[in-house]
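Report on one structure; see the data block that follows.
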Amino acid sequence: MSGIITVVAPVNIAVIKYWGKRDEELIIPLNDSVSATLDTNVMCAKTSVCVSPDFTNNEIWLNGKKESFTSPRLQNCLREIKLRAVAERSVDDVFLSWKIHVCSENNFPTAAGLASSAAGYACLVTALAKLYKIKSDVSSIARLGSGSACRSVYGGFVHWHAGVKADGSDSVATQIVGSSHWPQMRALILVVGDDRKKVSSTKGMKISKETSELLQYRIEKCVPRRTEEICEAIKNKDFSKFAEITMKDSNQFHAICLDSYPPFAYMTATSLKIIDFVHKYNEICGEPRVAYTFDAGPNACLYLLEEEVSKVLGLIQYLFPTTISDSFIKGLDTKATPASEEVLQNLSLQPEAKDSVKYVIYTKVGDGPTEVTDGSSLLNDAGWPVNPVIE
Ligand code: PMV
């Protein structure tokens with residue numbers, strides 16, 4: 001058997017959104033996008049892989065449960081990794097012929113609608129690249145698993161270039177700046193309760209591409225300018241500019257969902273209340289101090305600098321009361337400052353119903369995927385799951 005490779009990989013949250021595919025099969029986007037990679041100490045996917053002449057099938061376990069290996073996206077990632085290994089002559093043919101075992105888990109609830117597929121595929125592809133000793137950039141292979149996964153291959157702030165080539169070989173992610181460039185940058189993820197069955201990103205993108213005129217306008221006019229400006233704002237640590245572009249881009253993405261036909265919406269009344277709160281807070285401060293962004297679901301990601309965190313958490317606790325006060329704020333250590341009467345009056349917002357925000361994850365910008373060598377592999381010495389779920 002090969003050695004077991006174990007990797008942890010991060011979630012990323014876009015500030016310039018990817019929405020729409022130029023090529024469905026190869027997952028090539030219609031537009032560039034930009035994201036921040038979030039700390040794996042708070043949220044991460046973890047994957048262990050190994051190959052062996054003793055294995056009779058390729059097998060995969062997700063969160064302990066055996067799943068089918070036949071998913072086309074999974075197959076595409078493994079095929080491309082092996083082709084790279086052949087091109088780089090990094091392992092021999094015998095090693096390439098051995099079957100593989102993959103065991104993967106997330107340390108955050110998949111059902112919370114957080115970017116679990118991005119972390120999951122970035123983790124899988126990085127682990128496979130290490131197993132097959134690949135040296136070149138693998139973001140274009142992670143992209144074949146889930147588009148946004150290509151951005152999770154790097155830490156800090158990341159730019160996914162749409163590319164122009166038909167085969168997608170130039171549709172890759174590059175790092176704008178590393179995780180230590182803007183050390184004050186923080187993220188609060190507000191997990192919003194929502195039981196509705198939502199439109200998948202794949203389906204939503206297809207409807208938007210086929211029907212939304214606003215999408216065409218966005219791709220031609222807005223994204224190129226915004227991408228250039230937000231990259232500059234990140235390099236210059238210009239929070240006001242960063243915040244304004246982030247919020248406008250999130251709003252335009254959700255406007256495109258409504259401009260699609262038939263329309264669909266990911267944000268709920270609670271999401272809209274969060275938007276209202278952020279704008280009122282920024283108005284009181286006299287400049288943008290908090291930026292919101294929403295993906296294909298109702299959860300908010302607020303970007304803000306460390307000095308704002310305790311004040312903003314105090315207001316969140318007031319506006320979104322909870323019944324789980326001891327575990328409402330998860331992640332990095334912090335204390336909420338109770339909101340002052342004066343600020344509450346200026347905000348003039350009433351608290352929502354209890355638990356409309358289920359909990360908050362406090363995190364920061366972090367590094368890309370890393371190999372774990374502390375012996376906490378998800379596969380045992382024979383290459384089988386350490387903690388299988390017995391059904
Ligand atoms: O990679 P997917 O198929 O999960 O699509 C992600 C789409 C958004 O999260 C809405 C935007 C983005 O750029 O991450």
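Note that these values count all heavy atoms, side chains included, but never hydrogens, waters or copies made by symmetry. Note that ligands are numbered from 1 as they come in the structure, with each ligand's atoms numbered from 1 the same way. Just so you know, these numbers come straight off a predicted model, no measurement behind them.
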TODO: Kindly compute the distance separating CG (N63) from CG (N387), expressed to the nearest 0.5 Å.
DONE: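 Answer for the CG-CG pair, N63 versus N387, is 11.5 Å.
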Task: For Q345, side-chain contact (heavy atoms from CB on, under 4.5 Å) partners two or more places apart - done: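 Testing Q345 for side-chain contact (heavy atoms from CB on, under 4.5 Å), a comparison that skips the adjacent residues, returns none.
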Open item on the list: Using the ring centroid of each side chain, check whether H181 and F157 are separated by less than 6.0 Å.
Closed with: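 No, too far apart.
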- [ ] For side chain to side chain contact (heavy atoms under 4.5 Å, CB included), just list the numbers for E210 and Y261, CA-CA rounded to whole Å, side-chain angles, deciding distance to a tenth of an Å, and then say yes or no.
- [x] CA-CA 9 Å; E210 283 164 5; Y261 198 80; over 6 Å; no
- [ ] Could you tell me how the ring of H159 sits relative to the ring of H161: parallel (under 30°), tilted (30 to 60°) or perpendicular (over 60°)?
- [x]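 Plane angle under 30°, so parallel.
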Return a table of N or O atom pairs, ligand 1 on one side and protein on the other, at distances under 3.5 Å, rounded to 0.1 Å.
residue: ligand 1; atom: 1 (O); partner: S146; partner atom: OG; Å: 3.2
residue: ligand 1; atom: 1 (O); partner: S148; partner atom: N; Å: 2.9
residue: ligand 1; atom: 1 (O); partner: S148; partner atom: OG; Å: 2.8
residue: ligand 1; atom: 3 (O); partner: S201; partner atom: OG; Å: 2.9
residue: ligand 1; atom: 9 (O); partner: D295; partner atom: OD1; Å: 3.4
residue: ligand 1; atom: 13 (O); partner: Y18; partner atom: N; Å: 2.9
residue: ligand 1; atom: 13 (O); partner: R151; partner atom: NH1; Å: 3.0
residue: ligand 1; atom: 13 (O); partner: R151; partner atom: NH2; Å: 3.2
residue: ligand 1; atom: 14 (O); partner: R151; partner atom: NH2; Å: 2.8

Open item on the list: Could you tell me if K330 sits above the aromatic ring of Y359, with its cationic atom closer than 6.0 Å to the ring centre and no more than 45 degrees from the axis?
Closed with: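 Verdict for Y359: a cation-pi partner in K330.
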